[in-house]
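A, B, ... follow the sequence lines: proteins, then strands. Residue 1 opens every chain.
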Amino acid sequence: MERILITSALPYINGIKHLGTLVGSMLSADVFARFKKARGHEVLFICATDEHGTPTELAAMEAGKDVRTFCDEQHLLQKAACEKFNLGWDHFGRSSSPQNRELTQHFARQLWKNGFLEVRTTKQVYSNADGRFLPDRYVIGTCPHCGYEKARGDQCENCTRVLDPIDLIKSRSAVSGSDDIEIRDSTHLFLKQSEFVPKLRAWIDSHKHEWPQLVYSIANKWLEEGLQDRGITRDVDWGVPVPDDIADGQLKGKVFYVWFDAPIEYIGATKEWADANGKGNVWKSWWYDAKDVRYYEFMGKDNVPFHTVGFPVTIMGSGEPWKLVDRIKGFNWLNYYGGKFSTSEHRGVFMDSAIEILPADYWRYYLMANAPESSDSSFTFEHFASVVNKDLADVLGNFASRITKFCIARFDGKVPGEGEYGDEEKALIAEMDKRVAQYTEYFEAIEYRKALAELRAIWVAGNEYLTRAAPWTHIKTDRAKAAVAVRMGLNLVHLFAHLAWPVMPAMARKIHETIQPVAGDAAVIPWPSDPMAKELDQLEAGQPIHAAEVLFAKITDEQLAEWTARFGGAEPA
RNA sequence: GGCAGCGUAGCUCAGUGGUAGAGCAGGGGAAUCAUAAUCCCUUGGUCGGGGGUUCAAAUCCCUCCGCUGCUACCA
């Protein structure tokens, strides 16, 4: 048994997440956590809302609320949406928690003590009208290169050139539109990332074959381009305050940059979990000197630099034996009809509306079977409907339906005990041994598309078997032969429930219950651990079963038309 | 501009040196237990363009084109 620590990239607090964020971090982490739990490992699965930073302050202002209240509300909304998707983490914390404040300050003190922080003065844009410093991208003006009038201070969207806010012509605040802005000196703490290049290089290279190519390439790129020191404080109000004992109080009133404290919240949320469950110092056994723990991180590609460079530097620089990640699973983007999902323009499908139109497991299966693993991929309702209808309704749902109903019609709704498994059954068992082993391997490798293609092939093998065994034909002449096929069919349904649980926990339970109640307290439906000869011959003769009514309803053309109209599909951005 | 990823059948994607693959869609057939659901067979691609290395290239090299992202103060 292993101890498995799993974290999902923290969803930002500024609104309900869309399907792309869901598949790339929270859902993929949940599916893996369930898989490991199903295999009997000790798993701790941690997530939290990432609450600090300028966008939060501005969103709260726009909502007419103070930041704390805004975050309180948004946290609960996101938590509720995630629970509806059956994201089964052990704790869903908040980066604004006291635990994270304490840990963030601890890491900063360690870095300061070890000489890896440096005070530097930088030029910052200050808006008099807004009474605040503005990050570069919140300054807009005319691009000096192409004349585009809405260029942002960090980059011109029109000509894609990288800019400095000082370069802009007629620069103004993106918040208020006021041109009453000026450049002020501001003092900040810089993390000396450049000193960690050899250590990072060795660490990253040691994981070259364990991380997806995407992750390694991004990490490598940052080192190749020459790692710069990075400012880890900001001139805003909402964040973890820099303690006075760092740099003799020169940074009074400033807070840590959101990307400094956000990954530390993985540890913070673990402490929140321990505190909330009376587990005292147990949280530390997962993170500090935790040589027996294997740590997995799940994230979209935008988060990769922070997890392969920033956070590791924080940990290495602390001089303390905090756990570094073992495996990173990174994802590309899920697009919406070829364009971007956009929170600000509300383009695409978001978690709250997705769950309104269909149960979580429809989405969970589709998203994992089509996860953007090797390249960006595109969500369309047409594709979604075809996958749901074919894979879930026709191949899986109908299989459970046809065999349970036949059993009820011809065998009194009880597992028939007559006959012995013959050549047909032995061939199926041999095939299933292979396929289940392959499915398990893909899961261990965190290759979701391949894993789910194998899962589907397993369902298809069930249908193929049933066609060959044809109990509806044998029932007329050889009742025992028909009984064998029905018994095997019911065992298959039972097996399918176990195999599907990490991906579709609610439907797996429902499928399982058509055959028999889930054993134990049923928090987990375990992974099949025995050879298929045993797994597929475990139902007791005479045991009653129930009809699998429509498990997965098909998506109709009318629904498809309604949803594309409602969510604005069809025309790519 | 620089860097990274991607470009394979109508669609979604596997495939990193050895005769081009899967699922869906399309065509034909079988079966009639089932949500008209299943099963079998099958049509379909000069692997983005061009050049090179090699006995052999989707795969390695060069070059061009296209899409996406990053470019360090959005997260």
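Using a 4.0 Å cut-off between charged side-chain N and carboxylate O, E373(A) and K329(A) make a salt bridge.
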Would V215(A) and T308(A) satisfy side chain to side chain contact (heavy atoms under 4.5 Å, CB included), going step by step from the backbone distance to the final call? CA-CA 8 Å; V215(A) 171; T308(A) 55; 4.1 Å; yes
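Note on V550(A): a base of the nucleic acid sits closer than 4.0 angstrom, heavy atoms only. If you check every strand for non-hydrogen atoms under 4.0 Å, P55(A) touches sugar and phosphate atoms only. Using a 4.0 Å heavy-atom cutoff across all strands shown, R410(A) reaches no nucleic acid atom at all. Heavy atoms of I403(A) sit nowhere under 4.0 angstrom from any nucleic acid atom. T54(A) comes within 4.0 angstrom of sugar-phosphate atoms only, judged by non-hydrogen atoms across all strands, and of no base. Within 4.0 Å of G397(A), counting heavy atoms only, lies at least one base atom of the nucleic acid. If you check every strand for non-hydrogen atoms under 4.0 Å, R456(A) touches sugar and phosphate atoms only. Using a 4.0 Å heavy-atom criterion, one finds that F133(A) contacts no nucleic acid atom at all. Using a 4.0 Å heavy-atom distance criterion, G226(A) is classed as a base contact. Within the 4.0 angstrom heavy-atom criterion, base atoms lie near L551(A). Base engagement by F306(A) is indicated by at least one non-hydrogen atom pair under 4.0 Å involving a base atom. Heavy atoms of V460(A) sit under 4.0 angstrom from primed sugar atoms or phosphate atoms, though from no base atom.
No donor-acceptor pair under 3.5 Å is formed between the side chain of N389(A) and the backbone N or O of K554(A).
The partner of U16(B), taking Watson-Crick or G-U wobble pairs whose two distances both stay under 3.5 Å, does not exist in any strand shown. In this structure A30(B) sits in a base pair with U38(B), meeting the Watson-Crick or G-U test at under 3.5 Å. Nucleotide C3(B) forms a pair with G69(B), judged by Watson-Crick or G-U wobble geometry with both contacts under 3.5 Å.
When each of A262(A) and E225(A) is assigned the nucleotide of RNA chain B bearing its nearest heavy atom, the one mapping closer to the 5' terminus is E225(A). If K390(A) and H383(A) are placed on RNA chain B by their nearest nucleotide, the residue sitting closer to the 5' end is H383(A).
Between I13(A) and H75(A) the shortest side-chain heavy-atom distance falls below 4.5 Å.
Put simply, K221(A) has no side-chain N or O that comes within less than 4.0 Å of OP1 or OP2 on A72(B). In this model, the phosphate group of C74(B) is approached by a side-chain N or O of R137(A) to a distance below 4.0 Å at OP1 or OP2.
Distances were taken from every side-chain heavy atom of S386(A) (C-beta onward) to each of A72(B), C24(B), U38(B); the shortest belongs to C24(B). Listed nucleotides: U35(B), A25(B), C33(B). Nearest to the side chain of W472(A): C33(B). Of all nucleotides listed (C74(B), C6(B), C40(B)), C74(B) comes nearest to the side chain of D154(A).
Shortest non-hydrogen contact noted between I46(A) and A269(A) is CG2-CB, 3.6 Å.
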